[in-house]
Amino acid sequence: AQKITQTQPGMFVQEKEAVTLDCTYDTSDQSYGLFWYKQPSSGEMIFLIYQGSYDEQNATEGRYSLNFQKARKSANLVISASQLGDSAMYFCAMDNGGYNKLIFGAGTRLAVHP
Amino acid sequence: EAQVTQNPRYLITVTGKKLTVTCSQNMNHEYMSWYRQDPGLGLRQIYYSMNVEVTDKGDVPEGYKVSRKEKRNFPLILESPSPNQTSLYFCASSNDGTGYNEQFFGPGTRLTVL
């Protein structure tokens with residue numbers, strides 16, 4: 001069965017430094033997509049970045065990049081130059097055969113310190 | 001503005017009192033889902049819909065009902081709420097069921113069942 005594992009319940013980082021949030025996944029499908037979402041304390045889910053299983057290059061969106069290692073089944077999120085506003089819960093997710101379904105990890109709470 | 005709206009945003013109710021959480025999207029999306037978020041578990045899919053009058057169970061459908069009579073609306077119904085349904089609920093929509101497109105999430109509904 002498909003599964004997403006986020007092994008870091010909490011992380012902290014100094015402002016302006018880079019941080020990596022870990023995500024490993026398990027699937028027997030050859031075609032799948034991986035997503036990262038940010039959830040600030042206000043509760044909404046904010047889409048950050050997407051990586052398709054057939055994409056050869058790592059996805060990047062501004063300060064966010066996804067370190068995709070297919071053989072290791074990992075899809076780590078890298079946030080460069082952390083800002084105080086990056087403090088939030090971060091979820092890794094994988095689509096599961098379509099039909100608008102995402103499988104989520106348990107999340108990592110990131111705290112950015114000044 | 002493209003958005004998914006949910007109402008109410010906050011609800012406190014008592015065991016057994018039927019309630020409905022509404023969800024509406026203005027993007028003409030075919031696919032819609034309901035998720036619940038619980039600490040340590042991430043988000044889990046309750047029900048999804050591929051189009052009008054087409055719905056199916058997700059991973060945790062027990063105690064919930066849905067309907068899709070119009071493309072834009074996808075209400076979540078709790079016929080007899082119980083305390084274990086206390087959770088944060090999200091409605092989501094997307095234009096493509098393959099998962100390769102971004103899912104748009106509503107702002108969330110925080111439900112407490114006493």
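Per chain, numbering begins at 1; letters A, B, ... match sequence-line order.
- When atom types are taken as modelled, the side chain of A/Gln51 and the backbone of A/Ala59 share a donor-acceptor pair closer than 3.5 angstrom.
- Using a 4.5 Å cut-off on side-chain heavy atoms (C-beta onward), A/Lys70 and A/Phe68 make contact.
- The main-chain N or O of B/Tyr31 is never found under 3.5 Å from a side-chain atom of B/Asn51 such that the two would form a donor-acceptor pair.
- Of the atoms belonging to B/Leu41, it is backbone heavy atoms, and not side-chain ones, that fall under 4.5 Å from chain A.
- Relative orientation of the A/Tyr32 and A/Tyr25 rings is tilted, given thresholds of 30° and 60° on the angle between their planes.
- Counting heavy-atom pairs closer than 4.5 Å to chain B, the top residue among A/Phe104, A/Phe91, A/Phe47 is A/Phe104.
- Using a 4.5 Å cut-off between heavy atoms, A/Gln6 does not touch chain B at all.
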